[in-house]
S.K.: 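Below: one structure in structure tokens.
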Amino acid sequence: MEKDLAIAVDIGATNLRAGIVSKNGKILKRFETQTPKIKNRPNLLISTIIVLINSLLEHYDKKRILGIGAAVASPIDPKKGEIVTPPNLPYKEVPIVKPLKKYFSMPVIIANDCTAAVWAEKHFGAGKASKNFVYLTISSGIGAGIIADNHLLTGHNENAGEVGHFIVDTTYNLPCPCKKGTGHWEGYCSGSDMPFFLKIWLKSEKIKKKYAVKTSKDIFDLAKGKDKNILSFLKEIGKINARGISNIIVAYNPEIIIMGGAIVLNNHALIIPEIKKNIDKFLAPPKIIISPLKENACLLGAASLIFYPEK
Ligand SMILES: [Zn+2]
């Protein structure tokens, strides 16, 4: 039987997705649940992944599966096949490759989610015709995948795209969820950290009005209701996003920046124009577009790495 399908797993900070994907990038079946986040119990994450994959295998013959690709929103150790100190999950190290290989007896690979997503854009999405482009996600965290001179840029430990930890501010000096520094992009503009930044920003602007904001969605709902303070806050977010993206432009000289992640996909009219307005013009700005693969970019990426491994 021809091995013409891949199993893809997308381990996000919020959602856990698994799907059966065909060679031309079609998701044939997909299941989704919340990512288990119980402190120091990474086994629960593995067992949930196994349940999702088993549900998929009820619909498709295991003999058709070439392998399992797992994309994860975290730094990884590719040699050990582990997730390492994920900034948005309450675990230290989580072995992924070993337990899945043992359980399903098939090849398993792990990749950073943005590395996977940029590979999906290369094979199935907006990067087919480009030799130099970047996939940038703004979701619970911020990260990038980079195609440089037609190759996947992975870096020494396959963590080359951790651009969410670019230092983009020295005014507010906010801590970062990575706990390894201050002023990191992710600590300001990610979905998880935007509410805290709003609190600090309101104080620094001496704005007395009280806001019961718990999530970034609350912020965008207020902005869509034309709240003046919140719209000014999003201008500040736009400036900071533009600093991060300006750094990406001078570092990688991309032809296109493909943007994804829930914050961008759900609120692009409030995010993209402010970035374009504030971007540094040292180099000619690249095209900035929204990912045509939308919320499936990382899942498709995990499959694309199984079908089309980078040599
Ligand atoms: Zn950081």
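Whatever order the structure lists them in is the order used to number ligands and atoms, beginning at 1. Hydrogens, waters and symmetry mates play no part in the numbers below; they use all other heavy atoms, side chains included. Given the structure is predicted, the values throughout are model-derived calculations rather than measurements.
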S.K.: May I ask you to list the protein N, O or S atoms found at less than 2.8 Å from the Zn ion (ligand 1)?
M.R.: H165 ND1, C176 SG, C178 SG, H184 ND1
S.K.: Check residues 284-302 and write down every donor-acceptor pair under 3.5 Å in which the side-chain atom is one partner and the other belongs to a residue at least two apart or another chain.
M.R.:
{"residue": "S291", "atom": "OG", "partner": "E121", "partner atom": "OE2", "Å": "2.6"}
{"residue": "S291", "atom": "OG", "partner": "L293", "partner atom": "N", "Å": "3.0"}
{"residue": "S291", "atom": "OG", "partner": "K294", "partner atom": "N", "Å": "3.2"}
{"residue": "N296", "atom": "OD1", "partner": "R30", "partner atom": "NH1", "Å": "2.6"}

S.K.: Can a side-chain donor-acceptor contact be found between N150 and K122 if the only test is distance below 3.5 angstrom?
M.R.: yes
S.K.: Under 3.5 Å, which donor-acceptor pairs link side chains of residues 96-103 to any protein atom two or more places apart or in another chain?
M.R.:
{"residue": "Y103", "atom": "OH", "partner": "N54", "partner atom": "ND2", "Å": "3.0"}

S.K.: Can you tell me which residue pairs pass the side chain to side chain donor-acceptor pair (under 3.5 Å) test with a partner in residues 70-92, sequence neighbours excluded?
M.R.: none
S.K.: Determine whether the aromatic ring centres of Y252 and F133 lie less than 6.0 Å apart.
M.R.: no
S.K.: Given salt bridge (Lys or Arg N to Asp or Glu O under 4.0 Å), test D4 with R64 step by step and report yes or no.
M.R.: CA-CA 6 Å; D4 60 341; R64 289 178 66 186; 3.0 Å; yes
